[in-house]
Amino acid sequence: PMDTTRSHPSRPLRHVPSTLSTIGDVSQHLGLSPRAIRLYEEMGLIACQRGIKNMRMLDETAKARLDAIVELKKLGLTISEIANFLPQDQPVPSALRERLVQALAALDDQRSAIIAYLARLPAD
C-alpha cells in the first residue's frame, strides 16, 4: 500500500494544526493584501509560522491581531501609531485608550461644527 504520510521517502509531512490559516485565506477574510500582512510581519506586529514550502501560516493570535489592526485602521489610526500601541505579546496599553478618546472627542467637535454650519444654511 502507498504511504500517504510522507512526501518524500525519508521525510514525514509536517502536520499543520487546523487553527493555522494561510496568508491568502486570512487576506481574503480580512480584506487585506498578502503584501500588507507580510509588511505587518516585518514590522513585528504579527508573527507568522512557516508551513510546507516555507508558506506563511497564521495562528489564532496572529489572526486576532490582524483583525485588531484592520479595526484600528478603520478608526483612523496610522500603521505607525498601531505599531506603537500594539507591541507584540503585550496587553493593550492605556495610551491606545487615550488616543481613541482623543479621536472620539475630535469627531464630536467635527459633528458639532457640521450641525452648526447646517443650521446657518438657508432652507430650500
Approximate separation, where rounding is to 0.5 Å, of [X] [atom1] and [Y] [atom2]:
X      : Y      : atom1 : atom2 : answer
Leu107 : Gln102 : CG    : CD    : 12.0 Å
Leu58  : Ile23  : CG    : CD1   : 6.5 Å
Arg97  : Phe85  : CZ    : CZ    : 12.5 Å

Path from Ile115 to Leu118 over hydrophobic side-chain contacts below 4.5 Å: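 In one cluster: no.
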
Hey, any chance Leu75 and Leu104 share a hydrophobic cluster, counting ILVMFWY side chains that come within less than 4.5 Å of each other, even indirectly?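 No: no chain of side-chain contacts under 4.5 Å links Leu75 to Leu104.
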
Can you run down the salt bridge (charged side-chain N to carboxylate O under 4.0 Å, His left out) pairs that involve residues 68-78, sequence neighbours left out, and say none if there aren't any?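 Non-adjacent pairs meeting salt bridge (charged side-chain N to carboxylate O under 4.0 Å, His left out): zero.
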
Minimum-distance pair of heavy atoms, taken over all atoms of [X] and [Y]:
X     : Y     : value
Ser21 : Lys63 : OG-NZ, 2.8 Å
Leu77 : Ile82 : CB-CG1, 3.9 Å
Gln49 : Asp59 : NE2-OD2, 3.4 Å

If we only count heavy atoms from C-beta on, is the Leu66 to Ile46 side-chain gap below 4.5 Å?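 When only atoms from C-beta onward are counted, Ile46 and Leu66 do touch, with a gap below 4.5 Å.
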
Do Leu32 and Val26 make a side-chain contact, defined as non-hydrogen atoms from C-beta onward lying under 4.5 Å apart?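 Side chain of Leu32 against side chain of Val26, heavy atoms only: no contact under 4.5 Å found.
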
Is it the case that more than 12 heavy atoms not belonging to Met55 sit under 6.0 Å from its CE atom?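 Result for CE/Met55: open.
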
What pairs with Asp67 under side-chain hydrogen bond (donor to acceptor under 3.5 Å, both in side chains), at least two apart in sequence or on another chain?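 If we apply the side-chain hydrogen bond (donor to acceptor under 3.5 Å, both in side chains) test to Asp67, skipping adjacent residues, there are no hits.
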
Can you see whether Thr22 engages Asp25 through a side-chain donor-acceptor pair at a distance of less than 3.5 angstrom?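 The criterion, which ignores hydrogens and geometry beyond distance, is satisfied for Asp25 and Thr22.
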
Can I get a per-line list of side-chain donor-acceptor pairs under 3.5 Å for residues 33-42, giving both atom names and the distance, sequence neighbours left out?
from	atom 1	to	atom 2	distance (Å)
Ser33	OG	Ala36	N	3.0
Glu41	OE1	Arg56	NE	2.5
Glu41	OE1	Arg56	NH2	3.4

Worked verdict on Met57 versus Arg50 for side chain to side chain contact (heavy atoms under 4.5 Å, CB included): CA-CA 6 Å; Met57 303 296 292; Arg50 298 298 174 158; over 6 Å; no

